[in-house]
Visitor: 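First the structure, which I've put down as structure tokens, then a few questions once you've had a look.
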Amino acid sequence: MMNMLSKENSTVSRAWEATLRKTHAAKKRANSIFGTIALANATATNTTTATTNAVEDNDKNCTISEAAYFTEKILPNGEYYKGQWCDNFPEGQGKYYWIDGCMYVGEWHKGKTMGRGRFRWPSGATYEGEFKSGYMDGTGTYVGSNGDTYKGQWVMNLKHGNGIEYYANGDWYEGEWRRGLRYGIGKYQWHNKNHYDGEWKNGVIHGNGCFVWINGDQYDGCWEDGMPKGNGTYQLSDGSFYVGYWSKEENEQNGTYHPSESSSNDVEWDPKIVYNQLADCKISPGEKVPILPSRKRLAISYSSNNAEKSKRPSIDGRGSLVLERPFDKMNLWGENDNDFNSFEMSRHLDCEFYGVNPAESNYRFNPVLPLKVPKPGNRQGETISAGHKNYELMLNLQLGIRHSVGRPAPPTSLDLKASAFDPKKKIWTRFPPEGSKYTPPHQSCEFKWKDYTPVVFRSLRKLFKVDPADYMLSICGNDALRELSSPGKSGSFFYLTDDDIYMIKTMKKAEVKVFLKMLAAYYNHVRSFENSLVIKYYGLHCVKVTGAIQKKVRFVIMGNLLGSEYTIHTRFDLKGSSLGRVTNKPESEINNTTILKDLDLNFLFKLQKAWFHKFCW
């Protein structure tokens, strides 16, 4: 298999590709799961004599690469392309008409809009600016069908960066955007000349800022969800002012009115006036982009010339197609446009924004073989119910955690003393079946419960913003835990909460000692880097069954990394090694809960440059 990596791919990617080719077993596993895959060949020699024809009247002045030629195509489904062509794809300058009325004129690269161009929708809306891999990405201007106009920066079809938007009703906003919403510092002016200058969050006024009315009144202070909330000062045009704590709740509102010498109101002034005035100041939502350009597919028939020039499947394993059969129209996510509800659209926009981009990778199309995806599996784990060998252990664990978290304790500070990390800081509690002064009666056997460094883990839960009630409900609620067989070689057992939020792992005594030694360094790290991708740990405990057996079970409670609201198609345990890192299971036993390993990984992940550097940092 001959491979080619584009100029955007780094040396690390090339090394990774070399590693993937090391073992025949890895390639066999990848093919069995995802289908036969090959990367495009960089040394393709299917070139034709170049011409200098034009797309528009002035296209004769365009310089065309040696491998490209001018063509005019009416595609089988009625769509039309006119421009430069190379290797069965638009390449260079060209114009494409879709049958739904959309049109793009501009630069192409390997069948995708890339460079400067102009996209027009059937509604009359237009975007003119920069494109990257099919997305509106860079600097560009969008003019909506209703007259709304945005000029500024875009990232993957979303307003992101600095920009200014003029609305059809006369309002305008200039400032920072994030993921298509006003976010950061910006100024919004209404058509009646009222204006706000300050901080925004998720499209609404939030933070510190100043609102000025056309009559000269102004409020300067804290905001929350579009309304004054917190400390602030309202100054009237006659010189009077009101200063204090602001809130829509009357019992929280607290301030003092200071009338001016010229004020006619010397006694009282009601802050509700401000909230009533702001209720009429609506923020214009702006027109949404009707159809994302990245979702527009080219109805290019499959050609044998391209049989060996297809790329890897998309990250979701479904393999978004660029080469399509005639009339086999597929959008970016393989669903009909009419089936998209607002939740699905928002979810897929997040996928685009964060680099999970099914359109970035192409799948080798075989008209006979269907696309292969891991088949759905049953819910992970075996439910621990009465009669299970570890049923009493689960009850003991739940009783102990309820006791540890619910035990009264003084308020914890995140600034911990070194003594808090001392491995000798542990609390033993006895749980007799009949109950005691500190423990409730229960139906399990008598056991002892140990909390390791309880102050540290209480602080960690506070640092990770874990609500104690939710924490106890997830682990100690009416729903049973599920036991997972170990996917690794450690011999540990894993237990998963019913809501998939927390995972409990058994540990050996030596592992507990090592973990306690590195606990201080771990605490300092996660406190310094709040966005750290390191696993979050919430508690370290031990259950000791009394009696003749004297069995001890030590375990740690941690966040479930794979707990997600999104569908997970494939799961990987990556250690950064190639030695023995392949899953030895027949294809019939692989489903979406199977844990795959390094050499099973058959994807290239593409991120925006800024996000890539932040991820590495």
Visitor: Which pair of heavy atoms, one from F515 and one from M507, lies closest together, and at what distance?
Guide: CB-CE, 4.2 Å
Visitor: Using modelled atom types and a 3.5 Å cut-off, is there a donor and acceptor pairing between side-chain atoms of E130 and backbone atoms of T139?
Guide: yes
Visitor: Looking only at heavy atoms, which two atoms of V545 and C445 are closest? And how far apart?
Guide: CG1-SG, 3.9 Å
Visitor: Do E91 and H109 have side-chain atoms, one donor and one acceptor, less than 3.5 Å apart?
Guide: yes
Visitor: Do D422 and K425 come close enough that some side-chain heavy atom pair is under 4.5 Å?
Guide: yes
Visitor: Checking N560 side chain against I501 main chain: does a donor-acceptor pair fall under 3.5 Å?
Guide: no
Visitor: Mind listing the closest non-hydrogen atom pair of R407 and P454 along with its distance?
Guide: NH2-CB, 4.3 Å
Visitor: Applying side chain to side chain contact (heavy atoms under 4.5 Å, CB included), name anything that partners D470, two or more places apart in sequence or on another chain.
Guide: D467
Visitor: What I'd like to find out is whether the side chain of D137 reaches to under 4.5 Å of the side chain of F131, using heavy atoms alone.
Guide: no
Visitor: Where the side chain of E511 meets the backbone of K508, is there a donor-acceptor pair that is under 3.5 Å apart?
Guide: yes
Visitor: How long is the gap from NZ on K462 to CG on L414, to the nearest 0.5 Å?
Guide: 5.0 Å
Visitor: Is it true that, when you exclude F615 itself, more than 12 heavy atoms of the residues, nucleotides or ligands shown sit nearer than 6.0 Å to its CZ?
Guide: no
Visitor: If you look at every heavy atom in L416 and S459, which pair is closest and at what distance?
Guide: CD2-OG, 3.4 Å
Visitor: Could you check whether any side-chain heavy atom of V553 comes within less than 4.5 Å of a side-chain heavy atom of C542, counting everything from C-beta outward?
Guide: no
Visitor: Mark yes or no for whether T583, through its side chain, and K585, through its backbone, hold a donor-acceptor pair below 3.5 Å.
Guide: no
Visitor: Would the distance check show the side chain of T506 and the main-chain N or O of F555 forming a donor-acceptor pair, the cut-off being under 3.5 Å?
Guide: no
Visitor: Does C476 offer a backbone N or O that forms a donor-acceptor pair with the side chain of R402 under 3.5 Å?
Guide: yes
Visitor: Is the charged tip of R461 near the ring of Y471: under 6.0 Å from the six-membered ring centre and within 45° of its axis?
Guide: yes
Visitor: As an exercise, state the distance from CE of M558 to OH of Y537, rounded to the nearest 0.5 Å.
Guide: 6.0 Å
Visitor: What's the verdict on side-chain contact (heavy atoms from CB on, under 4.5 Å) for V512 and R554, showing C-alpha distance, side-chain angles and the deciding distance?
Guide: CA-CA 8 Å; V512 171; R554 302 168 183 86; 3.7 Å; yes
Visitor: In Å, rounded to the nearest 0.5 Å, how long is the span from CG of D498 to OG1 of T383?
Guide: 7.5 Å
Visitor: May I ask you to check whether E483 and N390 show a side-chain donor-acceptor distance below 3.5 Å?
Guide: yes
Visitor: Going from CD1 on I557 to OH on Y495, what distance comes out if it is rounded to the nearest 0.5 angstrom?
Guide: 12.5 Å
Visitor: Apply the test side-chain contact (heavy atoms from CB on, under 4.5 Å) to residues E107 and T113: give CA-CA distance (whole Å), side-chain angles for both, the deciding distance (0.1 Å), then the verdict.
Guide: CA-CA 6 Å; E107 296 176 296; T113 54; over 6 Å; no
Visitor: Taking R581 first and then D573, would you say they form a salt bridge - that is, a charged N and a carboxylate O separated by under 4.0 Å?
Guide: yes
Visitor: Determine whether a donor-acceptor pair (N or O, by modelled atom type, separation under 3.5 Å) exists between the side chain of E392 and the backbone of S444.
Guide: no
Visitor: Do Y135 and P293 make a side-chain contact, defined as non-hydrogen atoms from C-beta onward lying under 4.5 Å apart?
Guide: no
Visitor: Hey, does L397 have a side-chain heavy atom less than 4.5 Å from the side chain of I475?
Guide: yes
Visitor: Any side-chain heavy atom of D451 sitting closer than 4.5 Å to one from W428?
Guide: no
Visitor: Decide yes or no for K609 and F612: does some side-chain heavy atom of the first lie under 4.5 Å from some side-chain heavy atom of the second?
Guide: no
Visitor: Any donor-acceptor pair under 3.5 Å linking the side chain of D600 with the backbone of L596?
Guide: no
Visitor: Report yes or no: does R482 contribute a side-chain atom to a donor-acceptor pair with the main-chain N or O of I384 at less than 3.5 Å?
Guide: no
Visitor: Roughly how far, to the nearest 0.5 Å, is the CG atom of L181 from the NZ atom of K201?
Guide: 12.0 Å
Visitor: Is there a side-chain contact (heavy atoms from CB on, under 4.5 Å) between V543 and K552 once you walk through the steps?
Guide: CA-CA 6 Å; V543 170; K552 280 187 179 181; over 6 Å; no
Visitor: What is the minimum heavy-atom distance between N157 and S294, and which atoms define it?
Guide: ND2-OG, 2.8 Å
Visitor: Between F572 and K597, what is the shortest heavy-atom contact and its length?
Guide: CD2-O, 3.8 Å
Visitor: Are side-chain heavy atoms of K513 and P423 found at a separation under 4.5 Å?
Guide: no
Visitor: L481 pairs by side-chain contact (heavy atoms from CB on, under 4.5 Å) with which of M394, M503, H388?
Guide: M394
Visitor: Start with the C-alpha distance between K110 and N88, add both sets of side-chain angles, then the distance that settles side-chain contact (heavy atoms from CB on, under 4.5 Å), and finish with yes or no.
Guide: CA-CA 9 Å; K110 295 183 179 179; N88 206 41; over 6 Å; no
Visitor: Strictly under 6.0 Å, is that where the ring centroids of Y452 and H541 end up?
Guide: no
Visitor: Between the main-chain N or O of N591 and the side-chain N or O of T594, is there a donor-acceptor pair closer than 3.5 Å?
Guide: yes
Visitor: Only one of W449, F431, F447 forms a ring pair (Phe, Tyr, Trp, His ring centres under 6.0 Å) with H403, so which one is it?
Guide: F431
Visitor: How long is the span from the CG atom in L460 to the OH atom in Y538, to the nearest 0.5 Å?
Guide: 9.5 Å
